[in-house]
Amino acid sequence: LIYPLAEFVIRGVLLGMTYGVLALPIALLFVTTDAVDMAVGGYAVLAAAVVVTIAGPLGIAAAIVAAVVTSALTATIALKINRPGLGDSMTGVLATYGLATCLESFVLTTKGPDPMTRQSFGALWDLGGIRVDPQVGINITVGLSALAVLAVLLFRTPYGRSMRVSALNPMGAALAGIPVWWVWFSTYIIGGGLAGIAGVLIVHTTGTIYSVGLPLTLSSFAAAVLFGLQGPARAFMGGIVMGLIESLSSGLLPGAWGSSVPLLFIFVVLASGRASKQAIVGARA
Amino acid sequence: MTPVLRRRLEPTVFLVVAIVVLSVVIRDDQYWLDASVMLAIFSMFALSAGMSYGQAGIPSIATGAFGAVGAYSSAILTMRLGMSPALTLVVAALVPAVIAYPLAKSVTRLSPLPLSLATFAFSGAFEIGIRGGGQLTGGFVGISGIPPLAVAPTPQAMHVLAWAIVAVTVFVCTNLIRSPYGRAINTARHDPLRATADGVNVSQLLAGFFSFSASIASVGGWLYAHYVSYLSPESLNTATAISALLMAVVGGAQTILGPIIGATVLTLVNNFLPATQAQGMVYGAALVIVLILAPQGLTGLGRLPWLQRRGARRTLRPISQP
């Protein structure tokens, strides 16, 4: 029982790393703009499709550039509808859903419905009888590096301070001379870049198909709010936990339970009010 | 006629006139009669989404799940127990309300985005439950041979029945929204603290209204089951719910007829698109363009700044691109 359990845990950590990398921009964007970019998962799938098409480091670079360019387009459209200070952000979120639909259809048209995967390593590591893909090391390194860079950017730079002020009070930040529109725009771009990295990791780890964009966004959002929205480290840890739950439930639970437990867990997490941005007494959490 | 009575009747009268004109135009055209019935069914889903999001501020992605509850409960009761569809309509309207109430109690205190994602997760889990329902739901295969409605044996009769149900729903919704209950809902949506101070139990009120919107979706599901005569886990799912929410937003979620207008526009867009892998690109692009041009929905076009008098423009401008 120990070995299969350990394999499920390792698989869950691998999956969780990608959720963690995607949860970082989702938490950042939600706290900053009170919106979610529904196309974040779509950028990851697009990046995966580019990596499968173009081999080597050039493919990886092209994948991240493609995700960033697409996120810039999304940001332009979403911020045209959901401008800072305007109020209801749902219409802008639905517009990003429209773009996610476009991306899914684009990947389906260009790459077809077959799984997209790329293997980096032929041989597996043997750690005390447990076979581990060396990709685990790369995923952990990349995930933790992304977390560190984002934490420094957010808490140790003037740009991070501008971002936090823009999140707290966009109107006040604008009056203080902070270019709130550009700060919000750049938050989308950071999301695109991180989603591109996540896409590269996914295609080298488990592979992906054209239709997983929206489920990826949903799982990553739940990961982002699991431990509260106070910082990138919590979002990243939430990603690891989400990955573990998905891996263990699909491996250990029978049939439909394996698929429904992660969704029920997401429901419980969200219904618990952990996505509260402002704990104002009397306000809706 | 008093202004109050006129305001309460206007949407229903407008819809009935439009249906009469539509019926005269399409007459015996089987393709358009079929499209019209499906449009009426999706109008029910869009009305459900419009009520919950536009009026109560609950952007639910569970509309498809509630539609499925109505559809499956009616299919199971008519086929397994031999009940009349007229009786199953009552069950179909009540069961989702009972499910929706505790769901709403647990999520309506959330802000819109986490709330919509929570209902999305609920809907996804429900869909998996239908797949794993075995003999009861037919699992992956689904249920086929659901009997048609005896009162609507022809496409023309089904067209009239479906739109009559939509018109009755519009009448009920309009009167509900224009009543003190509806005003309390609107207050709870915009300022829950103020509503609480006014003596409104916000959580209970929103949960009750969400149950009502779930019943609308479920009646749509009941129509769907007896018209299409086949149900599978993919028939009414999260994609249906997202489409319904988009229809409501595109048409104008805060108006009564907006969701029906949105349903008409998006159904026509879908019908005229080629059934290829590239369909999503055109659909997504069309959606984005509509949301950019009319963020308040198509019925809100008249409220756009450049269509208003200068004096009527808002004084507080949003922060825009430098």
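Naming: A, B, ... by sequence-line order, numbering from 1 per chain. Only this structure's heavy atoms are used, side chains among them; waters, hydrogens and symmetry mates stay out. Please read all numbers here as calculations on a predicted model, not as lab measurements.
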- [ ] Heavy-atom distances under 4.5 Å only: say whether A:L214 touches chain B with side chain, backbone, both or neither.
- [x] side chain

Task: Greatest number of heavy atom pairs closer than 4.5 Å to chain A - which of B:L287, B:V202, B:I242 - done: B:I242

Task: Pick from B:I292, B:T238, B:L103, B:V249 with the largest number of heavy-atom pairs that fall under 4.5 Å of chain A - done: B:I292

Open item on the list: Looking at chain B, which one of A:T101, A:T96, A:L264 has the largest number of heavy-atom pairs inside 4.5 Å, strictly under?
Closed with: A:T101

Open item on the list: Between A:L270 and B:V107, is there a side-chain heavy-atom distance shorter than 4.5 Å?
Closed with: no

TODO: Can you tell which part of A:V93 gets under 4.5 Å to a heavy atom of chain B, answering side chain, backbone, both or neither?
DONE: side chain

Task: For B:G124 against A:L263, the heavy-atom pair lying closest together - done: C-CD1, 3.5 Å

- [ ] Could you tell me which of A:G112, A:G98, A:A222 has the largest number of non-hydrogen atom pairs under 4.5 Å with chain B?
- [x] A:G98

Open item on the list: To the closest 0.5 Å, what do you measure between CD (B:Q296) and CD1 (A:I81)?
Closed with: 11.0 Å

TODO: Count the heavy-atom pairs under 4.5 Å between each of A:L108, A:T110, A:T217 and chain B, then report the option with the highest count.
DONE: A:L108

Task: Contact leader toward chain A among B:F120, B:F122, B:F126, where contacts are heavy-atom pairs under 4.5 Å - done: B:F120

- [ ] Would you indicate whether the side-chain heavy atoms of A:F30 and B:P114 approach each other to under 4.5 Å?
- [x] yes

- [ ] Search all heavy atoms of A:C102 against all heavy atoms of B:A285 and return the closest pair with its distance.
- [x] SG-N, 3.4 Å

Open item on the list: Report which part of B:L291 has an atom under 4.5 Å of a heavy atom belonging to chain A: side chain, backbone, both, or neither.
Closed with: both

- [ ] Check the pair A:I266 / B:L117 against side-chain contact (heavy atoms from CB on, under 4.5 Å), numbers first and verdict last.
- [x] CA-CA 9 Å; A:I266 291 170; B:L117 292 172; 6.0 Å; no

- [ ] Report, as yes or no, whether the 6.0 Å neighbourhood of atom OH on B:Y283 holds more than 12 heavy atoms from other residues, nucleotides or ligands.
- [x] yes

Task: Least distance between heavy atoms, B:S106 atom then A:F267 atom - done: OG-CZ, 3.9 Å

